[in-house]
Amino acid sequence: MNYWLMKSEPTSFSIDDLIKRPKQTTPWDGVRNYQARNMMRDQMKIGDQAFFYNSNCDVPGILGTMEVVSESYPDPTQFDPESKYFDPKATPDKPIWFLVDLKFKEKFKQIISLEQLRKNPYLEDLIILRKGNRLSITPVTPKDWSFIIKLHC
DNA sequence: GCCAACGTTGGC
DNA sequence: GCCAACGTTGGC
């Protein structure tokens, strides 16, 4: 099983939005970065666990956890001219962007803030803590995953 | 294939 | 709002 961290801007999609979805599940659409796409398309498996992370907001940090509940499939928004994620170069025969479905698992009683994560020398290899990191989906090692899970207890 | 220009991300 | 870091585009 693999572990991930997935960023979302709370103004566009919050963890409460996820909780309100039917089956508390959402397609993780709108990713338009090849590295992030490749991870969803090639590496994510049903049962993988992911942190829900808020970026670009007052208190960036990890709010809870989710689980991957589908294989990867083409992101439907790439074919929709009305969508802001529309990609004119993509066709149903040759899709460019892929996604997986994610299901809500847990919301922490308190956010684990970016500031709090930075204070732990143990997490120095966590990708989102590296300078200049902008990738919206990053892998998390099992040891970092369990360390972070324990932080909120 | 190089690389300058431009656009985006995201913490601060 | 600033700006560093990074990704993408497109001329050559």
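Note that this is a predicted model, so its numbers are computed, not measured. Every chain is numbered from 1 and lettered A, B, ... according to where its sequence line falls, protein lines coming before strand lines.
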Partners meeting side-chain contact (heavy atoms from CB on, under 4.5 Å) with A:E71 (sequence neighbours left out): A:I46
With sequence neighbours excluded, tell me which residues meet side-chain contact (heavy atoms from CB on, under 4.5 Å) with A:K119.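 Not a single residue meets the side-chain contact (heavy atoms from CB on, under 4.5 Å) criterion with A:K119.
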Which residue lies toward the 5' end of DNA chain C, A:N56 or A:Q35, if each is placed at its nearest nucleotide? A:N56
What do the steps show when you test A:I148 against A:I62 for side-chain contact (heavy atoms from CB on, under 4.5 Å), and what is the final call? CA-CA 9 Å; A:I148 292 167; A:I62 297 172; 4.0 Å; yes
Separation of [X] atom [atom1] from [N] atom [atom2], in whole Å?
X: A:L114; N: B:dG10; atom1: CG; atom2: P; value: 12 Å
X: A:M6; N: B:dT9; atom1: CE; atom2: P; value: 16 Å
X: A:L129; N: B:dC12; atom1: CG; atom2: C1'; value: 15 Å
X: A:L135; N: B:dG10; atom1: CG; atom2: P; value: 9 Å
X: A:I137; N: B:dG10; atom1: CD1; atom2: C1'; value: 16 Å
X: A:R130; N: B:dG11; atom1: CZ; atom2: C1'; value: 17 Å
X: A:N133; N: B:dC12; atom1: CG; atom2: P; value: 12 Å

Before giving the answer on side chain to side chain donor-acceptor pair (under 3.5 Å), spell out for A:R32 and A:T77 the whole-Å C-alpha distance, their side-chain angles and the decisive distance to 0.1 Å. CA-CA 11 Å; A:R32 294 294 179 268; A:T77 62; 3.0 Å; yes
Would you please confirm or rule out a distance under 4.0 Å between OP1 or OP2 of [N] and any side-chain N or O of [X]?
X: A:R32; N: B:dT9; answer: no
X: A:Y53; N: B:dG11; answer: yes
X: A:K7; N: B:dG10; answer: yes

Given side-chain contact (heavy atoms from CB on, under 4.5 Å), test A:Y73 with A:L99 step by step and report yes or no. CA-CA 6 Å; A:Y73 60 95; A:L99 53 68; 3.1 Å; yes
So that I know where these two stand, are A:W97 and A:Y85 an aromatic pair - ring centroids less than 6.0 Å apart? no
Please enumerate all protein N or O atoms sitting under 3.5 Å from an N or O of nucleotides 5-8 of chain B, with distances to 0.1 Å.
{"residue": "B:dT8", "atom": "O2", "partner": "A:R134", "partner atom": "NH1", "Å": "2.3"}

Should A:D16 and A:K107 count as an ion pair when the cut-off is N to O under 4.0 Å?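 The answer is yes: the pair qualifies as a salt bridge.
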